[in-house]
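Every chain is numbered from 1 and lettered A, B, ... according to where its sequence line falls, protein lines coming before strand lines. This is a predicted model, so every value here is computed, not measured.
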2 protein chains.
Amino acid sequence: MASPRRKRSDTEPSSTGTAKLHLTRFLPYRVSVLSNVVSHTVAKLYDKRFGITIPEWRIIAVLGSGETLSAGEIAQRTAMDKVQVSRAISRMLDSALILRESGDTDRRKALLTLTPKALEIYAEIVPLALAYEAQLTSALTEEEATQLDRLLIKLQAQADQLAATPNTP
Amino acid sequence: MASPRRKRSDTEPSSTGTAKLHLTRFLPYRVSVLSNVVSHTVAKLYDKRFGITIPEWRIIAVLGSGETLSAGEIAQRTAMDKVQVSRAISRMLDSALILRESGDTDRRKALLTLTPKALEIYAEIVPLALAYEAQLTSALTEEEATQLDRLLIKLQAQADQLAATPNTP
DNA sequence: TGAAGCTAGTTTCAACTGAAACTGTTGCAA
DNA sequence: TTGCAACAGTTTCAGTTGAAACTAGCTTCA
């Protein structure tokens, strides 16, 4: 493998002082494009066969083990905001995918459980989802898959931290 | 490093026939969450200081070198659809960030160029964008960054192919 | 107690989105 | 030529989104 003397960076300070940027090498752009294609493909999978959206699928995914959670807990685990969760839940109530009963100790918290119908969907979707994931990673070696796992964890941690930082003054 | 005997997969065929899935280990979900955080952070960067959206920024990015492109070419290079591009352009015309003149040879194609004002924004944003990218990858070693690059390319290629495949019959 | 301030979840509003329909332009073929 | 399919870009429509305001229930502490 030829190894370039120095990693060719996007930065090109150039005598004029104007740095250049190639979108196709810009990490945020690349991640966004990848995410779009993947989400779109996966959404088609869910929607076509079961008529559910990604937020609904995520809720089914976290409740799929039979657990009972509040809307807030679902929001945390699915990385969605509470508005999104609220709306997905109301759709799922309409389509009888979820049961809601208010808690005894705290009546603000609604306890949410999947209906048998939703559990069936879960049981059907999971293999499809995993099959897609397997196909996606089939282009990688076992070692690369492990690397990917580690890199994603690191990037996510760093992205979270940078997002939390108010603003580089 | 302890190496697990076998990669612990999400699949859990289990005697009942119901596979399980942990959202937090599901690649499409992970990529989506990462993309959201990153995009959100970056959008704040653009929006706060320059009042532009991500589509507008992308257009500025591809035209930033001074090139003249048609809307269709912009759509291709930015991975946005033509509707998104059309709308971004009309906003940019309003805010005097872009110039449009119809081509001589084909009057359907509008030739688009950035105004000096937009070029200034470009010159200001690029360092900020690159700084963010640098911070994001600062958690990685040089080698890891190279791996990431390779993995993203592979994943994108595979995702594109799977998206193109009509439907696994 | 009970006023003030949390927290959980919902609603509202204005902006954004994608798919499909549409307008105008070009190229090709009869 | 004219007629028609293909193409570039725009508009429409119906739905989705996120931020902020709001309602309702809980907690604290004077």
Side-chain angles (χ1 to χ4, degrees), chain A residues 32-33 35-37 39-44 46-48 51-59 62-63 68-95 98-113 163, chain B residues 32-33 35-37 39-44 46-48 51-59 62-63 68-95 98-113 163:
Chain A
S32 165
V33 171
S35 170
N36 283 345
V37 174
S39 294
H40 209 259
T41 308
V42 170
K44 228 181 282 174
Y46 304 152
D47 182 35
K48 265 203 171 168
I52 62 173
T53 63
I54 287 190
E56 292 169 39
W57 149 246
R58 286 189 179 176
I59 291 176
V62 295
L63 294 178
T68 294
L69 299 175
S70 71
E73 290 167 325
I74 290 176
Q76 275 195 314
R77 299 212 200 171
T78 56
M80 301 192 286
D81 71 47
K82 60 181 184 169
V83 177
Q84 230 177 339
V85 171
S86 169
R87 287 197 266 237
I89 286 172
S90 88
R91 279 194 301 267
M92 292 172 80
L93 285 169
D94 290 346
S95 48
I98 213 168
L99 289 175
R100 172 164 60 184
E101 50 176 334
S102 54
D104 303 336
T105 59
D106 188 337
R107 256 177 311 159
R108 288 170 309 176
K109 291 191 187 181
L111 305 177
L112 301 159
T113 330
Chain B
S32 165
V33 171
S35 170
N36 283 346
V37 175
S39 293
H40 209 259
T41 309
V42 171
K44 227 181 283 173
Y46 305 152
D47 182 37
K48 265 203 171 166
I52 62 173
T53 63
I54 288 189
E56 292 170 38
W57 149 245
R58 286 189 178 176
I59 291 176
V62 294
L63 294 178
T68 294
L69 299 175
S70 71
E73 291 166 325
I74 289 176
Q76 276 193 314
R77 300 213 199 171
T78 56
M80 302 192 285
D81 72 47
K82 61 181 184 169
V83 177
Q84 227 176 342
V85 171
S86 170
R87 287 197 265 239
I89 287 172
S90 88
R91 279 194 302 266
M92 292 172 80
L93 285 169
D94 289 347
S95 47
I98 212 167
L99 290 175
R100 172 165 61 184
E101 50 177 334
S102 53
D104 303 337
T105 60
D106 187 337
R107 255 178 311 160
R108 288 171 306 178
K109 292 190 187 179
L111 303 177
L112 301 159
T113 330

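Considering only side-chain N and O atoms, A/S86 lies under 4.0 angstrom from the phosphate OP1 or OP2 of C/dT10. Phosphate contact (OP1/OP2 of D/dT10, side-chain N/O of B/R87, threshold under 4.0 Å): absent.
For A/R91 and C/dT10, the CZ to C1' distance is 14 Å, given to the nearest whole Å. Rounded to an integer number of Å, the gap from A/K82 NZ to D/dA20 C1' is 10 Å. Taking atom CZ of A/R107 as the reference point, atom C1' of C/dC6 lies 17 Å away to the nearest angstrom. As rounded to whole Å, 9 Å separates atom C1' of D/dT16 from atom CD of A/Q84. Protein atom NE2 of B/H40 is 10 Å distant from nucleotide atom C1' of D/dA19, rounded to whole Å. Rounded to a whole Å, the CD atom of A/E56 is 13 Å from the C1' atom of D/dG15. Taking atom CG on A/D106 and atom P on D/dC26, their separation rounds to 5 Å, with Å as the unit. B/I89 places its CD1 atom 6 Å from the P atom of D/dT10, with the value rounded to the nearest Å.
Without hydrogens or angle criteria, A/T41 side chain to A/V37 main chain gives a donor-acceptor distance under 3.5 Å.
The distance from the OG atom of A/S32 to the CD1 atom of B/I54 is 6.5 Å, given to the nearest 0.5 Å.
Residues A/V62 and A/R58 are not in side-chain contact: their nearest non-hydrogen atoms beyond the backbone lie 4.5 Å or more apart. At a threshold of 4.5 Å between non-hydrogen side-chain atoms, the residues B/R91 and B/T53 count as touching. A/I98 is listed as a side-chain neighbour of A/L63, based on a closest heavy-atom distance under 4.5 Å.
Each of D/dA19, C/dG9, D/dG9 was ranked by its minimum atom distance to the side chain of A/V83; first place goes to D/dA19.
Projected onto DNA chain D by closest heavy-atom contact, B/K109 and A/D81 fall at different nucleotides, the more 5' of which corresponds to B/K109.
Across all strands shown, B/R100 has heavy atoms under 4.0 Å from sugar-phosphate atoms exclusively, and none from any base. At a threshold of 4.0 angstrom between heavy atoms, the contacts of A/S90 with the nucleic acid are absent.
One cannot find a donor-acceptor pair under 3.5 Å joining the base of D/dC26 and the side-chain atoms of A/R108.
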